[in-house]
There are 2 protein chains.
Amino acid sequence: MTEGRSRRPGPRIEEVARVAGVSKSTVSRVINGEKYVSERSRQAVHRAIAMLGYSPNHAARTLAGSKANAIALVISEQGSQVLADPFFAGILRGVHAELTGRHVQLLLMMNQPLDGEDQVAYLTGGHVDGALVVSLHGEDPLPRILHETGLPVVSGGRPLAGGAVPFVDADNFNGALGAVRHLISLGREKIATIAGPHDMAVGMDRLSGWRCGLAEHGMPVGLVAHSSDFTPESGAFAMEDLLRRAPDLDAVFVAADILAVGALRVLHARGYRIPHDVAVVGFDDSVLASTATPPLTTVRQDVEQLGRTMTWRLLAELAGEEKLPSSMLLPTSLVRRASA
Amino acid sequence: MTEGRSRRPGPRIEEVARVAGVSKSTVSRVINGEKYVSERSRQAVHRAIAMLGYSPNHAARTLAGSKANAIALVISEQGSQVLADPFFAGILRGVHAELTGRHVQLLLMMNQPLDGEDQVAYLTGGHVDGALVVSLHGEDPLPRILHETGLPVVSGGRPLAGGAVPFVDADNFNGALGAVRHLISLGREKIATIAGPHDMAVGMDRLSGWRCGLAEHGMPVGLVAHSSDFTPESGAFAMEDLLRRAPDLDAVFVAADILAVGALRVLHARGYRIPHDVAVVGFDDSVLASTATPPLTTVRQDVEQLGRTMTWRLLAELAGEEKLPSSMLLPTSLVRRASA
DNA sequence: GCGGGTTCTGGGAGCGCTCCCAGACGGGGA
DNA sequence: TCCCCGTCTGGGAGCGCTCCCAGAACCCGC
């Protein structure tokens with residue numbers, strides 16, 4: 001704003017080159033970590049950069065280069081916002097943490113249901129080098145579509161309609177398995193579950209873990225009630241269903257804390273004491289778990305770590321690393337509180 | 001990736017110009033909504049853009065132009081993540097919604113306590129045209145510092161150390177006032193409050209509202225307990241303090257749902273029936289309010305709207321609009337549930 | 001009729017980088 | 001000895017736009 005055509009402040013690559021006594025080509029090579037630069041030049045450039053406080057211009061790099069220096073974080077949120085919120089914030093924190101220091105910008109996209117093709121066009125249009133897709137709804141075709149265009153993609157959560165899309169997810173199966181084993185170790189003998197919706201991978205995997213845990217002790221796996229979405233109301237509804245079918249159940253593994261809140265409400269209303277009559281284990285270790293009455297024993301998943309790992313995986317692919325694992329599961333852990 | 005030097009796909013401004021039968025200067029004018037373009041040219045350009053599916057290259061615009069075409073969303077989170085999460089997600093959703101369609105990118109920054117000056121340097125270094133700052137901690141100097149460098153800034157929440165920084169906030173004062181009036185209308189006569197920490201504006205404003213509501217009915221305003229942070233434990237601690245000082249209180253206005261959860265726990269434990277013995281009103285209308293036992297009457301603030309409004313205000317300033325209000329308060333509303 | 005505006009237009013420099021090319025230098029193997 | 005290849009370097013074109021400039025076309029009042 002000072003002269004006619006206001007230039008951005010700060011030194012340019014040319015000044016770094018002058019101070020370091022090399023050409024701007026060499027400075028560029030150092031910045032981009034290319035080989036074929038002598039140790040002497042590299043040092044000189046680093047000193048000059050530090051001295052001048054130089055920071056490369058993102059727009060210029062992107063314009064001149066063959067990459068966008070940006071990745072997209074796409075949040076497909078079809079309803080179920082309640083679950084989405086804390087989850088989403090954790091993911092974002094993780095992604096952000098992993099990105100700091102690298103010269104990569106984060107582009108946020110939350111898709112309204114409508115703009116599916118626009119979004120694909122934008123993402124594959126060279127504005128970003130890759131995409132992180134978090135679809136809560138497991139059958140979302142977006143990860144697969146993007147993957148098929150050749151855009152590097154990492155999905156957060158196992159995509160049901162995923163094809164060969166690389167993904168990172170919490171180890172929902174073993175988390176559920178651990179929860180069930182815990183219930184069994186407490187001597188519970190009639191263990192039900194409130195599962196997630198049919199169309200979400202996270203629900204399916206947790207259900208499998210529950211089944212497996214019971215099966216390995218020769219216990220029956222019939223007491224399943226599916227929730228229609230991740231709300232307390234849906235959890236309450238499922239709990240009522242279970243109690244109708246088995247009034248004498250002594251434990252419930254609930255696929256999400258937010259469902260468990262509804263289930264607890266029903267159990268209280270019917271006069272069941274927790275954990276004396278019925279032990280309850282949730283999943284997620286969200287705020288709700290610690291604020292529930294009684295505080296909920298739950299399976300903790302580290303959402304921030306999930307965000308970090310997705311980002312790491314995508315950046316590694318962009319850097320041309322090979323032999324990357326196509327999928328990764330992150331450990332979960334049981335958090336013991338009062339409810340089981 | 002197809003030829004030696006892989007170009008980004010899609011048409012360039014030059015092709016639009018050719019198709020429209022004008023020069024690229026004119027196309028540029030149309031895109032940027034400048035005047036001095038004939039209606040005929042404007043129409044032709046718009047047709048050409050639609051036909052070719054043209055979308056301007058962000059990097060090139062930024063490099064050539066005198067603005068960055070990007071704004072930053074800075075989240076200052078010093079602890080208190082619990083409150084931060086849903087709040088944060090709502091803000092982000094609002095900001096994003098307001099940004100779609102405009103050619104402005106969103107840059108996310110979450111500041112670690114350490115990198116204060118780096119952050120200021122980056123923000124004022126021409127990478128962004130303006131900043132939205134959400135500091136939960138009211139005495140954060142960042143909004144003021146940025147504002148003083150001349151960077152357009154809008155703060156989310158009234159900054160305590162704000163100077164003349166424009167801000168958008170929920171009308172915490174009137175929200176609290178309404179809550180107290182509601183309690184009084186229920187016939188409550190000994191109304192306490194659990195206030196937020198001293199150093200956060202949101203806490204102070206809600207406390208003032210409570211005071212005012214009591215004062216206008218000539219009721220005493222002594223029953224205040226400050227929480228140290230926004231956690232259920234802190235709420236429980238404050239509730240215990242209040243009960244020690246006034247075992248016969250019949251209502252509590254709690255400055256945040258998450259504090260109310262802790263307060264409810266203590267009240268239950270002491271055998272108080274809610275709302276029969278003690279009516280409780282929270283603030284925020286977060287998930288916690290509906291999952292609490294009993295479901296919490298609370299003051300709803302529209303966090304997404306807050307994000308939208310902040311963004312609108314910043315963009316208006318960037319567009320050179322004058323006579324903008326320096327601060328704006330958004331309405332709150334009382335959500336009645338079982339607790340009061 | 002002429003000067004002085006306002007409205008509209010195209011040409012082209014240049015934003016700050018990357019990446020291609022051409023070339024300099026050195027250390028082997030033939 | 002010569003040549004080739006691997007290492008290192010600088011020069012400079014050009015990425016796709018914006019914005020300045022110069023000028024054309026047209027209106028107005030005198």
Side-chain angles (χ1 to χ4, degrees), chain A residues 1-45 49 52 54-70 103 105 125-127 129, chain B residues 1-18 20-45 48-49 52 54-70 103 105 125-127 129:
Chain A
M1 311 285 180
T2 48
E3 350 176 323
R5 183 166 186 172
S6 79
R7 310 191 164 181
R8 251 170 293 302
R12 272 139 280 254
I13 201 174
E14 204 127 32
E15 308 200 29
V16 176
R18 226 191 42 239
V19 170
V22 298
S23 72
K24 60 197 183 95
S25 299
T26 298
V27 176
S28 175
R29 286 187 193 101
V30 172
I31 291 170
N32 293 292
E34 288 172 24
K35 55 180 187 175
Y36 295 151
V37 180
S38 67
E39 196 49 37
R40 232 171 57 87
S41 299
R42 193 179 305 277
Q43 301 274 345
V45 169
I49 286 177
L52 296 171
Y54 170 77
S55 141
N57 180 303
H58 179 260
R61 298 187 76 196
T62 300
L63 183 57
S66 47
K67 55 184 194 291
N69 301 300
H103 296 284
Q105 285 197 351
H127 297 266
D129 300 319
Chain B
M1 312 285 178
T2 47
E3 353 176 321
R5 182 165 185 173
S6 80
R7 311 188 162 183
R8 252 171 294 302
R12 271 138 281 252
I13 201 174
E14 204 126 31
E15 307 199 30
V16 176
R18 226 192 41 240
V22 298
S23 73
K24 60 199 183 95
S25 299
T26 298
V27 176
S28 175
R29 286 187 193 100
V30 172
I31 292 171
N32 293 292
E34 289 171 24
K35 56 180 186 174
Y36 295 150
V37 179
S38 67
E39 197 48 37
R40 229 171 61 85
S41 299
R42 193 181 304 278
Q43 300 274 347
V45 169
I49 287 177
L52 296 171
Y54 170 76
S55 140
N57 180 304
H58 179 261
R61 297 186 77 195
T62 301
L63 183 57
S66 47
K67 56 184 195 290
N69 302 300
H103 295 283
Q105 286 198 351
H127 298 266
D129 300 319

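The chains referred to below are lettered A, B, ... by the order of the sequence lines, with proteins before strands, and numbering in each begins at 1. Keep in mind the model is a prediction, meaning the values are calculated, not measured. Values reported hereafter were calculated over all heavy atoms of this structure, with side chains retained and with hydrogens, waters and symmetry mates removed.
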Item to complete: Give the rounded distance in Å between these two atoms: CD of B:E39 and P of C:dT7.
Response: 15 Å

Practice prompt. Determine: side-chain N/O of B:N32 to OP1/OP2 of D:dT18, distance under 4.0 Å, yes or no.
Written response: yes

Worksheet item: Which listed nucleotide (D:dC21, C:dG16, D:dG6) is nearest to the side chain of A:Y36?
Response: D:dG6

Discussion item. So, does B:S38 get its side chain near the phosphate of C:dT9, meaning an N or O under 4.0 Å from OP1 or OP2?
Written reply: yes

Worksheet entry | Gap between atoms CD1 and P, on A:I31 and C:dT18 respectively (whole Å) | 6 Å

Worksheet item: Would one find a side-chain N or O of B:S41 under 4.0 angstrom from OP1 or OP2 of C:dC8?
Response: no

Worksheet item: How long is the line joining CZ of B:R42 and P of C:dC8, in whole Å?
Response: 9 Å

Worksheet item: Are OP1 or OP2 of C:dC17 and a side-chain N or O of A:Y54 less than 4.0 angstrom apart?
Response: yes

Fill in: Close side-chain approach of B:R61 and B:I31, heavy atoms under 4.5 Å
yes

Worksheet item: How many angstroms lie between atom NZ of B:K35 and atom CZ of B:R42, to the nearest 0.5 angstrom?
Response: 12.0 Å

Worksheet item: Rounded to whole angstrom units, what separation is found between the CZ atom of A:R18 and the C1' atom of D:dG10?
Response: 17 Å

Item to complete: Take the protein atom CD of A:Q43 and the nucleotide atom P of D:dC8, then report the distance between them rounded to whole Å.
Response: 14 Å

Fill in: Nearest-nucleotide 5' precedence on DNA chain D, B:A59 against B:E34
B:A59

Practice prompt. Look at A:S28 and C:dC17 and indicate whether a side-chain polar atom (N or O) is within less than 4.0 Å of OP1 or OP2.
Written response: no

Practice prompt. Could you tell me whether A:S25 contacts a base, only the sugar-phosphate backbone, or nothing, with contacts defined as non-hydrogen atoms closer than 4.0 Å?
Written response: base

Discussion item. Expressed as a whole number of angstroms, how long is the span from B:N57:CG to C:dG16:P?
Written reply: 16 Å

Worksheet item: Separation of A:N69 atom CG from D:dC15 atom C1', in whole Å?
Response: 13 Å

Discussion item. Side chain of A:R29, heavy atoms from C-beta onward: which of C:dC21, C:dG10, D:dC17 has the nearest atom to it?
Written reply: C:dC21

Practice prompt. Answer yes or no: side-chain N or O of B:K24 and base N or O of D:dT18 forming a donor-acceptor pair under 3.5 Å.
Written response: yes

Worksheet item: So, the side chain of B:H58 versus the backbone of B:N69: is there a donor-acceptor pair under 3.5 Å, distance only?
Response: yes

Worksheet entry | For atom CG of B:L63 and atom P of C:dA13, their distance in whole Å | 17 Å

Worksheet item: Do A:S41 and A:V30 come within less than 4.5 Å of each other through their side chains, counting heavy atoms only?
Response: no

Item to complete: Taking the side chain as every heavy atom from C-beta outward, state whether A:S28 and A:K24 have any atom pair closer than 4.5 Å.
Response: no

Worksheet item: B:V22 has a side chain; which of D:dT7, C:dC17, C:dG10 sits nearest to it?
Response: C:dG10

Worksheet item: Is any side-chain nitrogen or oxygen of B:S66 closer than 4.0 Å to OP1 or OP2 of D:dT18?
Response: no

